[in-house]
Structures are given as C-alpha cells and as structure tokens.
Amino acid sequence: MGESDPFGAVRELEHDGTTYKMADLTVLEEEGLCELDKLPVSIRILLESVLRNVDGKNITTDDVRNAASWGPDVPDVELPFQPSRVVLQDLTGVPAVVDLAALRSAVDRKDRDPSIVEPEIPCDLVIDHSVQVDYFGDEDAYEKNVELEYERNEERYRSIKWAQQAFENFEVVPPGTGIVHQVNLEHLGRVVHRREEDGDEWLIPDTLVGTDSHTPMIGGIGVVGWGVGGIEAEAAMLGQPITMGLPEVVGVRLEGELPEGATATDLVLHLTEKLRQVGVVDRFVEFYGPGVSELTVADRATISNMAPEQGSTISMFPVDDKTLEYLELTGRDEDHIELVKEYLDAQGLYGEQEPEYTETVDFDLSTVEPSLAGHKKPHARIPMGDLDEHFPNLLEEQGVVQADGAAPVKHDLELGDKVPVTLDDGTEVEIGHGSVLVSAITSCTNTSNPSVMLAAGLLARNAVENGLDVPDYVKTSLAPGSRVVTAYLEESGLMDDLEKLGYSVVGYGCTTCIGNSGPLQDPIEDAIDEHDLWATSVLSGNRNFEARIHPKIAANYLASPPLVVAYGLAGRMDIDLEEEPIGHDDEGEPVFLEDIWPDTEELHDMVHNSVSPEMFEEKYASVYEGDERWEALDAPTGEVYDWDDESTYIREPPFFQDFPLEEPGVEDIANARCLMALGDTVTTDHISPAGPFGEDLPAGQWLKERGVEPHEFNTYGSRRGNHEVMMRGTFANVRIENEMLDGKTGGYAKHLPSGEETTVFEASERYRDDDTPLIVMSGIEFGTGSSRDWAAKGTDLLGIRATIAKSYERIYRDNLLGMGVLPLQFEEGEGWEELGLDGTEVYSIEGLDDGLEMNDELTVVAREAHSASEQTSGDSQEPRDGETTEFDVTAQVSTPAAVEYIENGGVLHKVLRELLTEE
Ligand code: SF4
C-alpha cells in the first residue's frame, strides 16, 4: 500500500494467530464510488490492485476512481496494474534474463552492489517450449529427446541457470519437469498471496502476467492473469505498473450438465466457436450461473486455457467450494486454503456472483457433443459425426479432388486411393489423403485434466483388449504437462496400454502444441511431395494454424485425448466414427468407437482412485531441482553474468552500456530522416519477424562472419538473446513494404541524401555515422499482432527516436514507450500521404524543449529536400532547402509513468537510474 492510504482502505484480518493487512474494497462502496456486487469479479480484483498500490505517482487516486467507475458501458480510461507475480517460459524468458543480467552488469560497472537489481515480485520461469519429438514410440524416447534438447539449447539454458542462482525472487523449473501453465495451475497459483512488506504480512489476490499467451489458464482457479510482451513483464518484475484500458466484461451464463460421452475438450471447442461468434477480443470473459458448479476445476482450466483462441484477454471462473477442493487435491497447504476462503469472503469475492456485465451470453452444457476443430482454425468446430463429410468437402474446396472424389488434373490421387511407402525399418505401409500422420496427446490445455487423460488411457486399454493397434505410419506421442500425470497413469495401470499403442512419454513440455512435433520419416515426406497428399494430424492442443504442427501436414485437428487415440487407431480423418468401425479385432470382426469408449462410471472411479494429493506433494517437492543434466550444466555463477564475446545466442545488449546517471530528458528532434514510410496494419511480425532468415540478409551475414553456417542460423525467435541478430532483423520481414521505394518489398530503405537503396539496417548505420536521428511513419494499427518486445527494442536500436502513425496497437505503443521511443499520432484524417509527404523530407519535431506533458500536442516541420543525385550544386550531404509542411501530432503518452519512461530513455533505464541514485 502506498504511504498515504488516501481512501483509508487498510484493515486487519486475524487468522490463526497472525494479523494480516489487506486493502478493503468495501470502503469504496462506503465512499459511494461503486456498488461492489455490480462489478465483475475480475474488475474488483483489478480495483484491489489499484487501491492497494496508490502512491500518487505511478498510481493516483483518479486511477482508483476510474477503476471503480466500471459499468457495462465501460468508460474509456487506462489503468495502471501491478500483478502479484510473473511467469515466463523459456523462449520469451531468455531475453528477460538477458536484460536483467545487463542491468546487473551496468550496476557493477558503477561500482555498486549488483544485487540491487532484483525482481520485486516472485517470478517463475518454466523451461518447456524447446523439447522436440525426435524420438517416439518406445520407452527410451523421453531420455533421447531430452538429451537432444540440451544439445540444441545449451547456451540458452546456461543463461537461465545463471539467473536461477543469481536472483532471489526468480525461480526456474528446469527442462523435463512440466508445462508452464500446468505447473502454474497445479502448484504455483495461490489464489491469495501472503506477502511481507515493511514488516507487515499482507494478503492480496494472486494476480499475474506471463510471457505466454495461454497464461489465462490460471483463470480456472479464479486467478486473474494474462499474457504480455517481454518489456511489460520485465517492467512488472521490477515493480512498474502495466497500463491497460479498463476492459469490457462479457458474462457467460452456463446451465445444464455435460451429456454422457462429452468431454471438457468438446466443451471448450464449443465455447471457443461460440465466443468467436460473439466477439470477445480485448474483453474479459467471466463464467457464472448454475452450470459452473457442474464443472470440475480441471474442466474449468481447460476452458480458461483457450482464452486466446476465444479472443478474450482472460476467461475466468469464480472461486468456490470446488476450487478449494482442487487446491486440496493438488496438495496445497490446508492452512493456506482456509486463509483463501477467509480473505475472499472478507472481500465479497467468494462463491457464486451475478454482477452486471457488458454483454451476457447463455450456454447450455447439455448441447455439447463430441467434436474436433480444424482444419486450420481452433474455432472451426466439426461434430465428430460430420468428419466423413467434412474431409471430402475440404479436399474439394481446396481443389485436391473434384466433387465426385476423383483427382483433378494437377493431382494423381483420388480420395480413398493409397500409395505404398516403405518406412525406415522396412515396414510397408499405405497412405493417402486424410491419413493421420501425427497423433499427439499434448498441451497443457488437456494434460492438466485427469479425466480426459485417464479417458485416453481407458480407451487405449479397451483398444488393446479388442486387438486394435495404431498403423505404423502414425507418429504417436504423449507429452504430459507435469510428472503427476505419469504418476496417476502408472497408478491406474493405464500407462502400459498407452505405451502398447505407441503413446509413450516423449517429454514434459509443449512438443506438438508449439509445433515441435519433430520430423516425419523421409519416405513419408517424399510420398506427400510426390502425390500432393493432404495428410492430417490430430492433437489435444489449442492451435492448428497452417504449417504450425508440421510443414508437410495440410490439415490439423484439435480433439480430446481419447479422440486423439481413436483417430490414431483409425489412421485416417475421413471417417465417421459413429457409424464406421474404427478397426477389426483378431477374428476380423469390426470394432466400433462405442465398443472401446470409456465407461463413465469406471472413468469417474479411476479419477477418484488414481489421483491423490500425495502425488502432487511428491512431484512438486523437487520442482526447481531438475535432473542430473541440469545439475551437470556448466553455467556461470555469481551475481554478475560472465558475458561470452564469442556467443552468437547470448550477448550483452547495449541498452545500459555507458549509462549516464543523469536523466537525458527530452528535447526537440532536429533534422531527422524518415527510415521507412509504411502503410496500414504493419504488424509486429513485419517489424520483428520470428522465423528463419537467409545468409543474404544482414542477420545472416553477421552470423556467417562469425563462422555460423546457414543451417545453424536457427530462427530470429531463438536468437532473441542476441541484439546483433535482432537489430539486423528489425523491419526485415520479406513482406514489409517501405513506400519510399517503388513497389519493392522486404527490409530495404533509401539512404538520404545519397538516394542509395540499401537494407534498413545498413541505412540506419549510415545515418548513425552521420548523427542523423530517425523517424518512421505509418498508417493505422501500427504494430498490430502478437506482443513482441523486440519490435520496440529493435526500433530503438536502429536509432529511431519517434514514430508517427495514424493509430497504434496498444501493446506496441506501450513497448515503444518502454524503450524510450516517442510514439506520435497524426491528427484525425491526416497521414503522411494525405499531407503530401513521401518520406524524403527532413523532419523536425518541435515542442519538446520545454519538456513532455501527457498527451502533448507537438508540431512536425517537414522540409522538402532533394537527394544527392538531384542536387545541382553545393555539398551533397546538405539537403537543399525546399517547401515546408507543418502539421500537428499528439504524443501517445497518457500516464505520468509513461512521461518518465520517455524522459529516462525507457522503463528499465528509469528503474536502473532510480536504483543507482538511491542512497
Ligand atoms: S503446451 Fe501449448 S498452450 Fe501450453 S504452454 Fe505449451 S505451447 Fe502454450
């Protein structure tokens, strides 16, 4: 709580001999600022954060009033939000570790104690995104895959292991342990946090941000948490608030019960389809109504997991008796569970709620039927019984077959035709359109849910008993999201049956869900290429975008774990499993899905008898320790990272090198050049691509010069710990279009006044040599797409001081502010084209010499200048004076904290300066 407690909200709560402090929401009602029971639960939780952290600087009393003013017709206000913790996964976590390490190095260079750089709130990094399914189908698969994982990721993992020992508030869950959101659900999530502050014990709601889009899964236990970019996460770690628009909240009223045979996966696919139709992008979703108590907490978490696919920021459930039972089942401390109940009761946050919502949606659980989603959208649901029609229709739509199933001229295979393939071990198989080549029990969406995992095991057992097997061309895998899953599958005796069908454990990580499904056998890939086969995958994950699962697999289907096994057994997707046999027994008799589908009663007993709190207690007791490989990993130690100048993965970024203690402040930007003039909807992927790159591009050239061969380049995404690669990859997407160049696409720019066309990076270097500041101009929705902190970091490192756009995606705008780059906006109806500009002008931004105010109105003077080739006389480096265009822009700086970020050159710079100047 900030010093002043301006609302008199601090009160005490006694529990078991301890006096806790809490920020009491009811005072806001007494003040007449809101009616608490009309506010959605998620809004009350945000409100508590604002109320508790009000300090008059980062968070003001107006922010509290704004949050309390939430109504169905949501006011257009921004909130500074301070979560109680942060979770990270390894892909996005490495850049965060690199930044923290760089901050420590900067402190060390100033002869100060490096340990003053320390996350202010608990941070957990789970290493789960890098394991790939190279080996499968035998009991050694896990060991071999994890071995390869270490070989491929050693450098990155060393930096993470350094962080594990260097920071007190930074824990690491080593590889081979589990998946971030499942570990969060089963172990890290507290629902209510106890926190010590200035000698007082505080109780606060558990809230978090994570550097992964499926962070909202924690909403299954009533915790507010969502995915953010790295800069926001780092700022949150270091105690800075995250700004967000006060969200609209959609209430989904659940009623009825799930029918026999329908799973939580089927339910989430229905809800995802429904909420996509409703439109919940940038909104919160809360579930309420009588149907909520019909769902287990594991089922709720499956639904919350797919918030990004539904489009929402969060999709959360209330905390009720079932939540407390789940906390007990997962081995949480009994005393803590009591405290959760007491605290939430005191805040009016416990149990069923029926507040006001921006919009309400009704959903009847009894309408759920077994379903899949595909072929490339998670919200494109297909009832299982329609698959036999869906697939031929899809092939027809795609021009792969004609209406009668015959092959058109460009293809040689009709639907139903097969081609022979000899596998690496000499086995002869036949595959055709629709063949299932990957069948993966994967993803925290489902592996966190014992009922669907045990259902897969029971189906496998029944299949084995009926003499069924999975065809040899199907790549089968089981990647649990925690060690507990293996424990209960073993306890139930079902692991053997899954293994008999090839579903042995391949890793404890994301695997197929993130696209790490590993290679297919060469003869299979050759057959796909030769016959333009439309092969398929079936997985219990949450995303199935084109080429995500495997570049050679055209159609990908999301389904429950038992259906993943069922389609694996069938070996093809163009089958109606309600009518056609899934296979034949040893006597040649047909076996149908209903013959092997788990009995509801037996499944219920199995869940009850196989899953116990002791399993969770045992498996999570050593969650931060890792295996002998982690132990043996030779990582740097000490408080300051030992940077390796030869490394091509991890390098000290220049952000805090030669760091001045004095705040740089702001001043007019004079005689800037425009590096790029862009159109509308330039995405963060245009600005900072994540995929592979070639040796002809600046990033590739840099690596080649250091002896890295093109086949070892890896992707931009994997090199996010190396600013040299990342800044060379900024604005380097092959599809980006700099309209200063005539129709040329890719990362190119025109250096002025020379007029020479070169790469964006090369041009920026030449401008740096000339001490010329840079700007970029863009159309609407600048920086739309996924949150990617390197889009802003790269912008900064290229020397771009300001951007001017018609409008911004909020996260990119905030990330620019976080890097000290000034985001400016054209006036309504104006843009660089409308103003008659073409980017060749010399730009000055005026109005900053007197300091920067929130939402400042500034003037831009664009002076026509001619390139060297157009100069008729004089010094070719000096542009000839021409006509000027003056226009107004608004600084997209709407909080006092954001003003400080710009004045300091970025949020981390501000934090570092504060740390270094504190006595
Ligand atoms: S398993 Fe899938 S949803 Fe879960 S963290 Fe990994 S990639 Fe994300």
Side-chain angles (χ1 to χ4, degrees), residues 86-94 124-133 145 149 153 173 175-189 208-220 225-229 233 264-265 268-269 272 298 301-310 312 314-315 373 378-379 438 440-449 452-453 477-485 505-518 537-545 547-550 556-561 564 690 717-718 786-787:
V86 173
V87 293
L88 309 107
Q89 39 95 333
D90 56 295
L91 282 190
T92 48
V94 167
D124 288 278
L125 188 158
V126 181
I127 303 180
D128 60 354
H129 270 56
S130 299
V131 61
Q132 182 174 308
V133 188
N145 286 329
E149 179 190 354
N153 295 286
V173 177
T177 310
I179 301 176
V180 58
H181 308 306
Q182 186 162 340
V183 173
N184 196 22
L185 184 79
E186 292 178 349
H187 183 67
L188 302 174
L208 70 148
V209 292
T211 55
D212 189 274
S213 51
H214 292 96
T215 304
M217 183 174 184
I218 200 67
W226 66 88
V228 294
T265 323
V268 74
L269 295 182
T272 302
T302 296
I303 294 165
S304 295
N305 172 284
M306 286 185 72
E309 286 69 36
Q310 293 151 20
S312 65
I314 62 167
S315 290
H379 52 274
V438 168
I441 305 175
T442 180
S443 183
C444 56
T445 315
N446 284 293
T447 65
S448 55
N449 194 329
V452 288
M453 295 303 282
S477 59
L478 165 62
S482 79
R483 295 256 171 189
V484 176
V485 179
V505 172
V506 292
Y508 294 88
C510 303
T511 63
T512 308
C513 187
I514 192 68
N516 289 349
S517 52
S537 76
V538 59
L539 66 150
S540 56
N542 49 33
R543 283 188 173 166
N544 53 354
F545 306 137
R548 180 177 170 103
I549 305 306
H550 190 285
N556 304 291
Y557 295 88
L558 308 180
S560 64
V564 166
S718 71
S786 20
S787 165

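Indexing begins at 1, ligand by ligand and atom by atom, following the structure's order. The figures here come from the full heavy-atom set of this structure, side chains too, leaving out hydrogens, waters and symmetry mates. Keep in mind the model is a prediction, meaning the values are calculated, not measured.
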Nearest atoms (heavy-atom pairs only) where [X] meets [Y]:
X: Glu309; Y: His214; value: OE2-NE2, 2.9 Å
X: Thr265; Y: Ala559; value: CG2-C, 3.7 Å
X: Val268; Y: Thr302; value: CG2-O, 3.6 Å

Treating Asn544 as the side-chain partner and Ala373 as the backbone partner, does any N or O pair qualify as donor plus acceptor under 3.5 Å?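 A pair under 3.5 Å: yes.
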Just by modelled atom types, is the Cys510 backbone N or O under 3.5 Å from a matching donor or acceptor in the Thr442 side chain?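 Yes.
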Atoms of protein origin (N, O or S) under 2.8 Å from atom 4 (Fe) of ligand 1: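 Less than 2.8 Å away from atom 4 (Fe) of ligand 1 sit Cys444 SG.
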Quick check for you: to the nearest 0.5 Å, what is the distance between Ile441 atom CD1 and Thr447 atom OG1?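 Reported to 0.5 Å precision, the distance equals 10.0 Å.
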For ligand 1, which atoms, with element, lie under 4.0 Å from some heavy atom of His129?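 Taking each heavy atom of His129 in turn, ligand 1 has 5 (S), 6 (Fe), 7 (S) under 4.0 Å.
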Sub-4.5 Å side-chain heavy-atom contact between Val133 and Thr512: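 When only atoms from C-beta onward are counted, Thr512 and Val133 do touch, with a gap below 4.5 Å.
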For ligand 1, is there an atom lying under 4.0 Å from some heavy atom of Gln89?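 Gln89 does not count as a contact of ligand 1 under the 4.0 Å cut-off.
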